[in-house]
There are 2 protein chains.
Amino acid sequence: MPVNHNFSKLARQPAYRAVSEKIRQVILSGELQAGDMLPTELELAEQFGVTRSTLREAIRLLEESGIIGRADRKRLVVTLPQTAAVGRSVSSAMLMHRVTFKELWQVAMGLEPLAGKLACASATDEDKQRLADNLQRTETVLEDHARLLEAEIDFHNLVASATHNYALLQARAPLNDLFYPAWGAVIRALSPGQRILVAHRRVYEAICNNKPREAERWMEKHMIDFRRGIEMGNLGFDQPVTSAANTSGQN
Amino acid sequence: MPVNHNFSKLARQPAYRAVSEKIRQVILSGELQAGDMLPTELELAEQFGVTRSTLREAIRLLEESGIIGRADRKRLVVTLPQTAAVGRSVSSAMLMHRVTFKELWQVAMGLEPLAGKLACASATDEDKQRLADNLQRTETVLEDHARLLEAEIDFHNLVASATHNYALLQARAPLNDLFYPAWGAVIRALSPGQRILVAHRRVYEAICNNKPREAERWMEKHMIDFRRGIEMGNLGFDQPVTSAANTSGQN
DNA sequence: TATTGACACATTGTCCGACAATAGGTCAAT
DNA sequence: ATTGACCTATTGTCGGACAATGTGTCAATA
């Protein structure tokens with residue numbers, strides 16, 4: 001009988017990955033900070049003892065992570081990852097996993113009321129002003145479906161931003177890419193401009209008056225309205241969401 | 001006086017990015033599905049009309065997104081992104097943004113009770129069995145700080161998995177990487193094994209008996225205990241979290 | 001029959017060298 | 001102060017090269 005010892009498969013990693021990990025580590029350790037310039041590709045390659053080709057592959061990995069970018073289309077620079085950039089990877093993953101509208105809605109029910117609640121304590125005057133501007137703009141586009149959707153998405157982003165909680169912003173990033181855009185169909189089908197405006201107004205007032213409970217409740221009601229809209233329009237609440245327009249060229 | 005027309009800066013993108021976007025698009029459109037093999041690098045390069053070097057850079061971008069990988073260390077294959085893989089990018093971003101423990105805790109307060117609630121409706125017998133196994137294991141390692149932390153993290157992952165909601169899994173991924181590991185300090189300082197076990201048991205029972213409210217409440221209490229632990233141990237509730245051990249070699 | 005070994009082949013990981021395009025700087029001319 | 005001419009450094013892309021390694025085939029062996 002053969003002796004049965006299971007060796008753990010040893011994971012050798014290619015050079016481009018090792019290089020990438022090393023750079024990432026240096027950045028995350030704080031040794032290199034956002035805004036710092038990196039040496040030229042040639043110099044980096046020499047330091048690591050690899051060729052420029054290999055180094056460039058390593059750079060691509062970090063580039064997709066959003067932690068390095070190019071300043072002025074030239075020099076490499078350590079970058080503070082933008083929520084949108086990081087969120088795109090997450091959204092891609094969700095699309096491939098055939099995430100349903102229902103699943104996203106459940107997450108939204110967890111995060112959006114929370115955002116409203118937290119915003120009450122942390123919103124600055126500037127945040128409030130931006131929300132006020134958004135409301136005013138919303139009033140003028142109640143019948144313009146495209147612009148209404150845009151304003152709607154903006155509003156929720158503004159509330160989330162007002163929490164000044166980056167972890168929350170990041171967690172709800174996929175909602176921006178997948179949840180709200182899909183909701184455009186509801187707007188076109190039901191024209192619920194008035195209901196949206198009322199909910200947004202209540203949330204705004206709650207934030208201004210520092211009433212967390214109110215903000216939370218109205219955001220929750222707002223989300224439930226979303227669900228009702230999807231169901232009433234028979235727009236596939238249990239269907240996988242689709243990538244409406246993913247041709248974004250952000251930076 | 002000069003006529004003032006603002007041109008939008010036209011965004012040319014390098015070839016490696018264009019190639020990457022094209023492949024991503026084909027995959028997200030469903031034309032290529034998870035598990036499908038891609039042609040060899042040389043063939044792909046010929047199809048796009050670029051060199052292998054350029055194509056390889058494009059591949060790296062997709063690789064970091066987790067949507068393609070290698071089967072058997074060779075052929076390129078379309079992959080269903082793993083939460084851990086995607087989550088790493090997100091965690092990196094949060095670390096660079098100096099996300100505080102408090103921020104993560106706020107997100108956890110939004111997502112973990114939600115996970116408990118949803119799990120009640122969707123947990124399979126297998127899910128419940130896994131939770132039961134975890135509880136049993138936890139009892140045996142109450143004094144072993146390292147193993148206890150491991151079991152603790154596992155438990156929350158199991159609850160989240162039991163929701164069968166990928167969007168939720170993805171949203172809470174950073175909690176795994178940053179929130180719970182940081183909590184290891186609390187375990188070492190306060191040895192709250194018993195409190196953990198009790199909370200976990202209540203959540204487990206609630207899930208088995210299909211009592212969403214209970215599951216939600218106990219998860220919430222559990223999270224509040226977390227916060228108390230951090231504050232009592234004076235472990236920096238308002239400090240940025242640090243990447244305890246980020247030397248993970250996952251696939 | 002099932003395992004082993006030898007061998008050829010395809011593909012990747014890595015290297016090297018090359019060149020056009022362009023961002024940035026300097027300096028003179030206007 | 002702006003424009004234009006010029007030089008330099010660096011990137012984006014190319015083409016070719018080779019060793020290492022996974023894959024497949026086929027004969028030899030137990």
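Order of the sequence lines sets the chain letters (A, B, ...), proteins ahead of strands, with each chain counted from 1.
Annotation: side-chain contact (heavy atoms from CB on, under 4.5 Å) contacts of B:Glu64 (sequence neighbours excluded): A:Arg24, A:Leu61, A:Glu64, A:Ser65, B:Arg88, B:Ser89. Under the salt bridge (Lys or Arg N to Asp or Glu O under 4.0 Å) criterion, B:Glu31 pairs with no residue, sequence neighbours left out. Every side-chain contact (heavy atoms from CB on, under 4.5 Å) that A:Thr79 has, sequence neighbours left out, goes to A:Val77. The side-chain contact (heavy atoms from CB on, under 4.5 Å) check on B:Leu149 picks up B:Ile153, B:Ile187, with sequence neighbours excluded. Partners of B:Leu131 under the side-chain contact (heavy atoms from CB on, under 4.5 Å) rule, at least two apart in sequence or in another chain, are B:Phe155, B:Leu158, B:Val159, B:Tyr204, B:Ile207.
Between the B:Asp177 side chain and the B:Ser91 main chain, no donor and acceptor come within less than 3.5 Å of each other. A distance-only check finds no donor-acceptor pair linking the side chain of B:Ser20 to the backbone of B:Tyr16 [under 3.5 Å].
Taking every heavy atom of residues 32-40 of chain B and every atom of DNA chain D, no pair lies under 4.0 Å. Against DNA chain C, the stretch residues 59-69 of chain B makes heavy-atom approaches under 4.0 Å through B:Arg60.
The end-to-end axis angle of the helix from C:dT1-D:dA30 to C:dT30-D:dA1, rounded to 10 degrees and based on five pairs per end, is 30°.
In this structure, CZ of B:Arg17 is placed 16 Å from C1' of D:dT13, rounded to the nearest angstrom. One interatomic measurement links the two molecules: CG of A:Leu55 to P of C:dC15, which rounds to 10 Å at whole-angstrom precision. One can place CZ of A:Arg75 at 13 Å from P of D:dG12, the figure rounded to the nearest angstrom. Rounded to whole Å, atom P of D:dG22 lies 13 Å from atom CZ of B:Arg70. Atoms CD (A:Glu41) and P (D:dT13) sit 11 Å apart, rounded to a whole Å. Atom-to-atom, CD of B:Glu46 to P of C:dT11 comes out at 11 Å; the value is rounded to the nearest Å. Per the geometry, CZ belonging to A:Phe48 stands 18 Å off C1' belonging to C:dG13, to the nearest Å. Rounded to whole angstrom, the span from the OH atom of B:Tyr16 across to the P atom of D:dT13 amounts to 7 Å.
At a threshold of 4.0 Å, the pair B:Glu57-B:Arg60 does not count as salt-bridged, since none of the basic side-chain nitrogens sits closer than that to a carboxylate oxygen.
Residue pairs meeting the salt bridge (Lys or Arg N to Asp or Glu O under 4.0 Å) criterion with at least one partner in residues 36-46 of chain A, sequence neighbours excluded, are A:Glu41-A:Arg52, A:Glu41-A:Arg56, A:Glu41-A:Arg70. Among residues at least two apart or in separate chains, salt bridge (Lys or Arg N to Asp or Glu O under 4.0 Å) pairs with a member in residues 154-173 of chain B are B:Glu112-B:Arg172, B:Arg137-B:Asp154. Within the structure, every pair that satisfies the ring pair (Phe, Tyr, Trp, His ring centres under 6.0 Å) test and touches residues 83-102 of chain A, not counting sequence neighbours, is listed here: A:His97-B:Tyr166, A:Phe101-A:Phe179.
For the side chain to side chain donor-acceptor pair (under 3.5 Å) with B:Asn157, the qualifying choice from B:Thr83, B:Asn176, B:Asn134 is B:Asn176, the only one to do so.
Along DNA chain C, the nucleotide nearest B:Ser53 and the nucleotide nearest B:Leu42 are compared for position; the residue whose nucleotide lies closer to the 5' end is B:Leu42.
You'll find that the side chain of B:Thr54 is closest to D:dT13, out of D:dT13, D:dT21, C:dT12.
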Every protein N/O within reach of nucleotides 17-19 of chain D N/O, cut-off under 3.5 Å:
| unit_1 | atom_1 | unit_2 | atom_2 | d |
| --- | --- | --- | --- | --- |
| D:dA17 | N6 | B:Arg52 | NH2 | 3.3 |

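Looking at A:Asp133 and A:Gln129, their side chains do bring a donor and an acceptor atom within 3.5 Å of each other.
At the phosphate of C:dT12, neither OP1 nor OP2 sits under 4.0 Å from any side-chain N or O atom of B:Arg56.
Heavy atoms from other residues, nucleotides or ligands lying under 6.0 Å from NZ of B:Lys102 number 12 at most.
Within 4.0 Å of A:Thr51, counting heavy atoms only, lies at least one base atom of the nucleic acid.
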